[in-house]
Amino acid sequence: AAGVIQSPRHLIKEKRETATLKCYPIPRHDTVYWYQQGPGQDPQFLISFYEKMQSDKGSIPDRFSAQQFSDYHSELNMSSLELGDSALYFCASSLIVRTDTQYFGPGTRLTVL
Amino acid sequence: AQSVTQLDSQVPVFEEAPVELRCNYSSSVSVYLFWYVQYPNQGLQLLLKYLSGSTLVKGINGFEAEFNKSQTSFHLRKPSVHISDTAEYFCAVSFQGGSEKLVFGKGTKLTVNP
């Protein structure tokens, strides 16, 4: 079965640079969520989208922005990167009518040097 | 505010022994409950979930969990563990009728020794 696809899987950036993470949900899933998992930490909710509209917002820094496109894929844009942004970024998807179950992608590991 | 507490950060056990990973939650509204497993350098895989109905839920890989409303707990159990069960286990909740975002516990590192 098709799963959530995230790209790139690994990304290395310098401080103050910009990064873009991409997420392709499971086919027919209309809702996308982004989570950040710092080293040795639990995943923290950042933001979610349904039908290209932001549906909820968590502890996402103002330096980060995200959007969902007409084909339901989503991008997380991160600017002015800081060392503390180094983390594993997960995308999850679900059907709005079944938001009780989110399916996670493999994550993008971002390292900021 | 809603929160999830996983009481044990690390649980070492021997192969073929039973294991219980504890999870308690705090919420003023009804919740959905989940257990996810994360193998090293991998994503989160859903083990099982409780939405409603029977309080005993069975998941993949021989795991099960029991929802106890009065104790606000959702402990994960397996009667006999394997080396391959070594992983990080996260308990999570989402809130019925509200945001679908998941709130995770801090995780429990299960290490199965031969």
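Order of the sequence lines fixes the chain letters, A, B, ..., with proteins taken first and strands second; residue numbering starts at 1 for each chain.
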Is there a continuous path of hydrophobic side-chain contacts, each under 4.5 Å between heavy atoms, that joins A:L113 to A:M78? no

From B:S94 OG over to A:F45 CZ, what is the distance, rounded to the nearest 0.5 angstrom? 11.5 Å

Taking atom types as modelled, find out whether A:T101 and B:K49 have a side-chain donor-acceptor pair closer than 3.5 angstrom. yes

Scan B:L44, B:V103, B:L102 and name whichever one has a side-chain contact (heavy atoms from CB on, under 4.5 Å) with A:P43. B:L44

Transitive ILVMFWY side-chain link B:L56 to B:L21, under 4.5 Å: no

Rounded at 0.5 Å granularity, tell me how far NZ in B:K101 sits from CG in A:D56. 5.5 Å

Centroid separation A:F104 to B:Y36 less than 6.0 Å: yes

Would a hydrophobic clustering, with Ile, Leu, Val, Met, Phe, Trp and Tyr connected at side-chain separations under 4.5 Å, put A:Y35 with A:L110? no

Kindly compute the distance separating CD (A:Q102) from CZ (B:F34), expressed to the nearest 0.5 Å. 7.0 Å

So for B:Q45, is it side chain, backbone, both, or neither that comes closer than 4.5 Å to the heavy atoms of chain A? neither

Can you confirm whether more than 12 heavy atoms, excluding those of A:D62, are under 6.0 Å from its CG atom? no

Do the side chains of B:Y89 and B:V4 join up, straight or via other hydrophobic residues, at under 4.5 Å, putting them in one cluster? yes

Applying a strict 4.5 Å limit to non-hydrogen atoms, the region of B:F90 in contact with chain A is side chain

Report which part of A:Y103 has an atom under 4.5 Å of a heavy atom belonging to chain B: side chain, backbone, both, or neither. neither

Nearest atoms (heavy-atom pairs only) where A:L88 meets B:Q38: CD2-NE2, 3.8 Å

Considering only heavy atoms, which portion of A:Q6 lies under 4.5 Å from any heavy atom of chain B: side chain, backbone, both, or neither? neither

Taking atom NZ of B:K109 as the centre, does the number of heavy atoms from other residues, nucleotides or ligands within less than 6.0 Å exceed 12? yes

Treating Ile, Leu, Val, Met, Phe, Trp and Tyr as nodes and any side-chain heavy-atom pair under 4.5 angstrom as an edge, say whether A:Y50 and A:L76 lie in one connected cluster. no

